[in-house]
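Scope of the values below: all heavy atoms of this structure, side chains included, with no hydrogens, waters or symmetry mates. Sequential numbering from 1 along the given sequence is applied to the chain's residues.
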Amino acid sequence: MNAAAHALPLVSGQPYRVQRAVLSGVPCLLELPPEDRDVRGVCLVYHGAWAAKEGKLGVYAALTTAGIVTVLLDAALHGERQGDMPPGLNAREYVWDSVRRTVAETPALLDALAGRFGAGPVYAVGSSMGGYVVQALLQTEPRLTRAAALITSGVWNEPQVQVPDVRAFIEAHRPLTHAWRSAPTPLLLASGEEDPVFPLAAHHQPTAAAYREAYAGASGAFEDQTFPGVAHFTSVGLRDAALAFLLRE
């Protein structure tokens, strides 16, 4: 490496670049491979509720060494987009309206990314609320190549959500009853065994059972993993499992 070159962020000794962009109205941070490396795909990275894109900087940057652009985006009503929040939503309606809007705007975002980087594989990884987004995209976005849903749930039992459009979205995409729409797109479902937000017995286990049934005819396309000692956060083990799954050929 040229010692006189600009210093760049590194992952495993390999440099990558970070750029800010607004793509189809969505504020993003793009983690890019070095300029001399071809882009071969993109990965959408979805954060959790009350978080923002900046919290995911560097988490999945190892993808850039494989020529994959990581797209860290602000979910609807989050980060730079908090001013878009409609009045009168309770906390659960806020979360789910964000999910609904984020899923709805993804096709235009992917069009913008294809215009910038060309057509190629599309990966997605999301944690907590971001996992809701990923699971809905598995049902609605045919360009999705592989996906990982972390520290999340497919139960979607939300009695506090009464806004009609948001309620309709939940009923139309609940993985427990609509997991069959996700197959055969490869999916990793991974959870922490000490997660107080989504306890395994109430969330991971029924969600995994629904996906196992849905993917019964797609050998190896669905995996579920749990991680001892991990609560409601993306641990190193969870991150590494997601990276390995997304990079699998």
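- Using a distance-only test at 3.5 Å, with no hydrogens or angles considered, no donor-acceptor pair links the side chain of H203 to the main chain of P199.
- In the model, T140 has no side-chain atom that pairs as donor or acceptor with a side-chain atom of H173 under 3.5 Å.
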Checking T226 against E193 for the side-chain hydrogen bond (donor to acceptor under 3.5 Å, both in side chains) test, could you report, in this order, the C-alpha distance in whole Å, the side-chain angles of both residues, the deciding distance, and whether it holds? CA-CA 6 Å; T226 63; E193 294 184 3; 2.8 Å; yes
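- Nearest heavy atoms, R143 versus D111: NH1-OD1, 2.7 Å.
- Side chain to side chain, Y46 and H78 fail the donor-acceptor criterion of an N or O pair below 3.5 Å.
- Side chain of T207 to backbone of G154: a donor-acceptor contact under 3.5 angstrom is found.
- Closest heavy-atom contact between Y123 and L246: CE2-O, 3.3 Å.
- S128 and H232 share a side-chain donor-acceptor pair at under 3.5 Å.
- Counted by atom type alone, T65 and Q14 present zero donor-acceptor pairs between their side chains at under 3.5 Å.
- Checked against the 6.0 Å centroid threshold, W180 and Y215 do not count as a close aromatic pair.
- A cation-pi arrangement is absent between R239 and Y60 under the rule of less than 6.0 angstrom and at most 45 degrees off the ring axis.
- Counted by atom type alone, K56 and S127 present one or more donor-acceptor pairs between their side chains at under 3.5 Å.
- Both V166 and V95 are assigned to one and the same hydrophobic cluster, defined by single-linkage of ILVMFWY side chains at heavy-atom distances under 4.5 Å.
- Under the 3.5 Å distance criterion, the side-chain polar atoms of E93 are matched with a main-chain donor or acceptor of N90.
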Residue pair R167, E158: steps toward the salt bridge (Lys or Arg N to Asp or Glu O under 4.0 Å) verdict: CA-CA 9 Å; R167 183 82 243 161; E158 296 286 347; over 6 Å; no
Evaluate the criterion salt bridge (Lys or Arg N to Asp or Glu O under 4.0 Å) for residue pair D74 and R81; output intermediate values, then yes/no. CA-CA 7 Å; D74 278 331; R81 313 173 71 188; over 6 Å; no
